[in-house]
Visitor: 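The structure that follows is given in the form of structure tokens.
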Amino acid sequence: MSATKRIIGVVWQAIRRWFDPSDLNSVGTTPDYRFSLANERTFLAWLRTGLALIAGGLAAAQFLPPLPLRHLREAIAVALLLLGATVAIRAVDHWSRTERAIRLGERLPASRFPAVLALIVAVGALLLVVAVLAKGMSVR
């Protein structure tokens, strides 16, 4: 079996788990409902974050004035839209893996995603500050 087929198989299994609650319910034991509800609230918070990034991308595409660098507005919009989609996909994957760990009594899955997302947002904000300052200096 080629490496590509193996990767596709692993991805397909993960996606299947997202949409098949009977698969998840067949694993381990039923946990205290409060843990499942807390996991779901975290999932919904990540979805809200993804939706906010998508809304920011749409707002950037529609309402930002032309910026000093050509196509910077479009690049910002596309970056925010892609980041929002990534957050949404990551949210459902993390929810599924966490729910499985709770049901099996295992350690919760570690995730670097919040730190990576924070760094991406911070770098993006710094780049926007540079763009705004560059525009301000070119006006004078």
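FYI, the numbering just counts along the sequence from 1.
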Visitor: For Gln62, does the CD atom sit with more than 12 other heavy atoms under 6.0 Å from it, leaving out its own atoms?
Guide: no

Visitor: May I have the step-by-step check of side-chain contact (heavy atoms from CB on, under 4.5 Å) for Thr30 and Arg103, ending in yes or no?
Guide: CA-CA 6 Å; Thr30 303; Arg103 293 184 68 82; 3.8 Å; yes

Visitor: Any chain of hydrophobic side-chain contacts (each under 4.5 Å) joining Leu127 to Leu133?
Guide: no

Visitor: I'd like to know if the side chain of Thr86 reaches the main chain of Leu82, judged simply by a donor and an acceptor atom lying under 3.5 Å from each other, with no hydrogens or angles considered.
Guide: yes

Visitor: Check whether any side-chain heavy atom of Phe63 lies under 4.5 Å from a side-chain heavy atom of Leu58, and answer yes or no.
Guide: no

Visitor: How far does CZ of Arg6 sit from OG1 of Thr4, to the nearest 0.5 angstrom?
Guide: 9.0 Å

Visitor: So, Arg97 versus Ser111: side-chain donor-acceptor pair below 3.5 Å or not?
Guide: no

Visitor: Can you tell me how far apart CD1 (Ile7) and NZ (Lys5) are? Round to the nearest 0.5 Å.
Guide: 13.0 Å

Visitor: Please name the pair of heavy atoms, one in Leu64 and one in Arg73, separated by the smallest distance, quoted to 0.1 Å.
Guide: O-NH1, 2.8 Å

Visitor: According to a 4.5 Å side-chain heavy-atom criterion applied to Ile, Leu, Val, Met, Phe, Trp and Tyr, with indirect links allowed, do Val87 and Val121 form part of one hydrophobic cluster?
Guide: yes

Visitor: Show which side-chain atoms of residues 38-57 pair as donor or acceptor with protein atoms under 3.5 Å away, not counting sequence neighbours.
Guide:
{"from": "Asn39", "atom 1": "ND2", "to": "Trp95", "atom 2": "O", "distance (Å)": "3.1"}
{"from": "Asn39", "atom 1": "ND2", "to": "Glu99", "atom 2": "OE1", "distance (Å)": "3.0"}
{"from": "Thr42", "atom 1": "OG1", "to": "Ala38", "atom 2": "O", "distance (Å)": "3.0"}
{"from": "Thr49", "atom 1": "OG1", "to": "Ala45", "atom 2": "O", "distance (Å)": "3.0"}

Visitor: Please check if Phe113 and Leu80 belong to a single hydrophobic cluster, counting links between Ile, Leu, Val, Met, Phe, Trp and Tyr side chain heavy atoms closer than 4.5 Å.
Guide: yes

Visitor: Do the non-hydrogen side-chain atoms of Arg90 and Asp93 ever get within less than 4.5 Å of each other?
Guide: yes

Visitor: Does one hydrophobic cluster hold both Val92 and Val11, with members joined at side-chain heavy-atom distances below 4.5 Å?
Guide: yes

Visitor: If hydrophobic clusters are built from ILVMFWY residues whose side chains come within less than 4.5 Å, do Leu83 and Val78 share one?
Guide: no

